[in-house]
Amino acid sequence: QVQLVESGGGLVQAGGSLRLSCAASGRTFSSYIMGWFRQAPGKEREFVAAISLSGIRTYGAESVKGRFTISRDNAKNMVYLQMNSLKPEDAAVYYCAAGFRVARTSKEYDYWGQGTQVTVSS
């Protein structure tokens, strides 16, 4: 089992950057595929990015490609989401998730953090 705690959200102007962090507990962090999802008010939770066990392979939603970068540090039990060129439509609660396979659907992930709010002003 793993517990996840996100941080780094906040208010940023359009075009700005934020770096989200997700701290994981447990000694088996490197055994989990890690992902980031987001959910805006009135919308379904959507896939943002995922990263392989070693961190070599990354996967991103089309809407964030070229702007967002996912990374992980297995020695520190951390996963990150660097968000650049933020747009108002990126505003949402961002969730960190852990699972056992690379997937773009939330149901494939077994563990979730509590979320961190990202607000983008235009």
Next item on the list: Give the intermediate values and the outcome of side-chain contact (heavy atoms from CB on, under 4.5 Å) for residues Ser17 and Gln82.
Entry: CA-CA 8 Å; Ser17 298; Gln82 178 67 44; 4.0 Å; yes
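- Panel note: side chain Arg57, backbone Ser52; no donor-acceptor pair is recorded below 3.5 Å.
- Taking every heavy atom of both residues into account, Ile70 and Gly35 meet most closely at CD1-CA, 4.5 Å.
- Under a 3.5 Å cut-off, the side chain of Arg104 and the backbone N or O of Gly60 do form a donor-acceptor pair.
- Note that the OG atom of Ser106 and the CD atom of Gln39 stand 8.5 Å from one another [nearest 0.5 Å].
- To the nearest 0.5 Å, atoms CD (Glu44) and CZ (Arg38) are separated by 14.0 Å.
- Scanning all heavy atoms of the two residues, the minimum distance from Ser21 to Met78 falls at CB-CE, 3.7 Å.
- Note that CG of Asp90 and OG1 of Thr119 are 11.5 Å apart. Values are rounded to the nearest 0.5 Å.
- Counting heavy atoms from C-beta on, the side chains of Lys87 and Ser63 never come closer than 4.5 Å.
- Between the side chain of Thr116 and the backbone N or O of Ser7, no donor-acceptor pair lies under 3.5 Å.
- Other residues, nucleotides and ligands contribute at most 12 non-hydrogen atoms within 6.0 Å of the CD atom of Gln3.
- Met34 and Ala98 make their closest contact through SD-CB, 3.6 Å (heavy atoms, listed as atom of the first residue, atom of the second, distance).
- Considering only heavy atoms from C-beta on, Trp36 stays 4.5 Å or farther from Phe68 through its side chain.
- Between Gln117 and Tyr94 the shortest side-chain heavy-atom distance does not fall below 4.5 Å.
- Remark: the backbone N or O of Gln114 is paired with a side-chain donor or acceptor of Glu6 at under 3.5 angstrom.
- Residues Leu20 and Val118 form a side-chain contact, since some pair of their non-hydrogen atoms from C-beta on lies under 4.5 Å apart.
- Linking Ile, Leu, Val, Met, Phe, Trp and Tyr whenever their side-chain heavy atoms come within less than 4.5 Å leaves Tyr111 and Phe47 in two separate clusters.
- Between the Tyr109 side chain and the Ala103 main chain, a donor and an acceptor come within less than 3.5 Å of each other.
- Taking both residues in full, the closest heavy atoms of Val2 and Ala24 are given as CG2-CB, 3.8 Å, listed atom of the first, atom of the second, then distance.
- Across all their heavy atoms, Ser122 and Ala14 have their closest contact at CA-CB, 4.3 Å.
- Judged by the 6.0 Å distance and 45° axis criteria, Arg45 is positioned over the aromatic ring of Tyr95.
- Between the CZ atom in Arg19 and the OG1 atom in Thr69 there is a gap of 11.0 Å [rounded to 0.5 Å].
- Formation of a donor-acceptor pair under 3.5 Å by the Asp73 side chain with backbone atoms of Val79 is not found in this model.
- Scanning all heavy atoms of the two residues, the minimum distance from Leu81 to Ala49 falls at CD1-CB, 4.3 Å.
- Between Phe100 and Tyr32, the gap from one ring centroid to the other is short of 6.0 Å.
- Shown here is Lys76, whose NZ atom has no more than 12 heavy atoms of other residues, nucleotides or ligands within 6.0 Å.
- You'll find the side chain of Ile33 reaches within 4.5 Å of the side chain of Leu53, heavy atoms only.
- Both tests do not hold together for Arg72 against Tyr80: distance to the six-membered ring centre under 6.0 Å, angle to the ring axis within 45°.
- When ring centroids are compared, Phe37 and Trp112 come within the 6.0 Å threshold.
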